[in-house]
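Some notes on the structure that comes next.
Note that the structure is predicted; figures quoted are calculated from it, not measured.
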Amino acid sequence: MTETPQRPLRVLAAMSGGVDSAVAAARAAEAGHDVTGVHLALSANPQSFRTGARGCCTIEDSRDARRAADVIGIPFYVWDLAERFREDVVDDFIAEYEAGRTPNPCLRCNEKIKFAALLDKALALGFDAVCTGHYATVVRGEDGSRELHRASDMAKDQSYVLGVLDEKQLAHAMFPLGDTLTTKDEIRAEAERRGLAVAKKPDSHDICFIADGDTQGFLASRLGTAEGDIVDESGTKVGTHEGAFGFTIGQRKGLRIGHPAPDGKPRYVLDISPVNNTVTVGPAESLDVTALTAIKPRWCGTAPAGPGSYTAQLRAHGGETEVTAELVDGTLHVTFTEPVRGVAPGQAVVLYDGTRVVGSATIATTVRRTEAGATAG
């Protein structure tokens, strides 16, 4: 396999206003490509300034991106995708939590905004590729096919949130930072050498459209509050809450249970039932998952045929675990070699074959290991 691309291309560089996307755009231009920068305005009411290192897509970020484009010497535009972002990412986020699931908005944004809405518009305008500051690698086979691989530096790898990209989208994707064996400090040093003012700008964290980091408060403001019961595995009430949507599988903090468990050990969220607004809690070992089913699979190439052995990643900053997986009538069935904990419906399971991303699917159900045997969770 060889790295792509080689010939000069017309490239649309998505510039968030952060250091990674600025350096990626600069590298693409330095490689001889005809680069145009674009900042995506994703908020209908952008704040003037970020809240510390939280949030993005503010007026400040737009200005930072424009200044970086000026230094690089490339044209720059701001595209308003706020309505599309609200419909495809924010509304989806709220609906998933309301249904008792835990979504990944960054993954959804990559699928629906950066490599659907943005890429479609870029291709319509005659661009060859979209460039972003993600840490991942696209390689091209001798037959012209594309594969998505992990970044050279596993510590910065972001292939998990790109696992929703299909081969057609990968053919028009460029990740100039993906094969860089450098630390983030070295990326910042490169930005400083290039005269980019974002060199010392803090990274954004958490969910970009919840600038203060208060996910529960954000959801309550949109879904309201509804008092319900917190129960243990036997169904005994051990506390109350103000909305089941405010919890996620595996959560330990913020349960507001008035008394400890009989064994004195911490309790975790095991199940969320939006139908009766009930949250079930229990010991850590009750979180052990041996298998899962996942829906809406998206393949970074040809869909796998028959059962196979892979590694799987279950969260953006999680490790890999060995699995067997098989696609049956559009549903992905995954079995873990060793039980894993904290698997939440709504999140993505991303399959890997070595460093190659096979594809991604949305977790629908889990099977838990209990003393009496495996039961559906």
Side-chain angles (χ1 to χ4, degrees), residues 83-113 116 160-161 163-164 206-210 213-231 233 235 239-256 268-282 286-287 289 291-298 312 314-316 318 329-334 340-350 360-368 375-377:
E83 184 175 351
R84 179 75 179 265
F85 182 78
R86 178 185 58 78
E87 293 174 354
D88 289 342
V89 180
V90 180
D91 288 353
D92 174 79
F93 178 85
I94 296 169
E96 286 292 284
Y97 265 104
E98 188 176 21
R101 296 184 289 268
T102 305
N104 187 312
C106 294
L107 189 146
R108 196 63 57 227
C109 182
N110 285 326
E111 176 188 359
K112 299 291 188 179
I113 304 300
Y160 173 85
V161 295
V164 290
D206 302 312
I207 300 166
C208 69
F209 52 86
I210 306 179
D214 182 9
T215 301
Q216 191 161 354
F218 173 85
L219 291 168
S221 69
R222 281 134 178 97
L223 297 174
T225 58
E227 186 172 300
D229 293 339
I230 299 176
V231 301
E233 291 177 283
T240 60
H241 60 77
E242 295 180 349
F245 56 77
F247 299 86
T248 188
I249 302 296
Q251 179 178 335
R252 175 183 174 183
K253 296 181 179 179
L255 300 184
R256 297 191 305 171
Y268 300 79
V269 174
L270 304 180
D271 190 42
I272 302 161
S273 176
V275 175
N276 57 13
N277 199 27
T278 298
V279 174
T280 302
V281 298
S286 291
L287 287 169
V289 168
L292 62 81
T293 64
I295 58 175
K296 301 177 182 178
R298 290 179 62 86
L314 300 166
R315 53 186 66 86
D329 296 330
T331 297
L332 186 65
H333 295 258
V334 178
V340 295
R341 289 181 177 176
V343 182
Q347 288 280 289
V349 53
V350 178
S360 172
T362 302
I363 299 170
T365 64
T366 61
V367 176
R368 294 200 182 121
T375 59

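Closest non-hydrogen pair, Ala316 versus Val161, comes out as CB-CG1, 4.4 Å. The shortest non-hydrogen separation linking Arg368 to Ser286 is CD-O, 3.0 Å. For Ala312 against Val349, the heavy-atom pair with the smallest separation is CB-CG2, 4.0 Å. Across all non-hydrogen atoms, the minimal contact from Leu332 to Ala361 is CD2-CB, 4.1 Å.
Atoms CD and OG1, from Gln216 and Thr248 in turn, are 11.5 Å apart once rounded to the nearest 0.5 Å. The distance from atom CG of Asp92 to atom CZ of Arg101, rounded to the nearest 0.5 Å, is 9.0 Å.
Listed for the Arg315 side chain is a donor-acceptor partner under 3.5 Å among the backbone atoms of Gly342. When atom types are taken as modelled, the side chain of Gln251 and the backbone of Lys253 share a donor-acceptor pair closer than 3.5 angstrom. Side-chain atoms of Gln347 come within 3.5 Å of backbone atoms of Thr102 as a donor-acceptor pair (strictly under, hydrogens ignored). Between the side chain of Asp271 and the main chain of Thr280, no donor-acceptor pair closer than 3.5 Å is present. Looking only at distances, a side-chain donor or acceptor of His241 sits under 3.5 Å from a matching main-chain atom of Asn277. Remark: side-chain polar atoms of Asn276 are paired, donor with acceptor, to backbone N or O of Thr278 under 3.5 angstrom.
With a 4.5 Å cut-off on side-chain heavy atoms, Val281 and Tyr268 do not count as touching. Ile249 is listed as a side-chain neighbour of Pro345, based on a closest heavy-atom distance under 4.5 Å. Phe247 is listed as a side-chain neighbour of Leu255, based on a closest heavy-atom distance under 4.5 Å. Put simply, the side chain of Ile363 reaches to within 4.5 Å of the side chain of Leu314, judged on heavy atoms. Between Pro274 and Phe245, the closest side-chain pair of non-hydrogen atoms is not below 4.5 Å.
Listed by chain and number, the residues in a side-chain contact (heavy atoms from CB on, under 4.5 Å) with Pro105 are Val89, Phe93, Ile207, Phe209 (sequence neighbours excluded). Residues passing the side-chain contact (heavy atoms from CB on, under 4.5 Å) test with Thr362 are Arg108, Ile295, sequence neighbours excluded.
Identified under the side-chain hydrogen bond (donor to acceptor under 3.5 Å, both in side chains) test for residues 217-228, with sequence neighbours left out: none.
With Ile210 as reference, Thr215 is the one residue of Leu219, Thr215, Val90 to meet the side-chain contact (heavy atoms from CB on, under 4.5 Å) rule.
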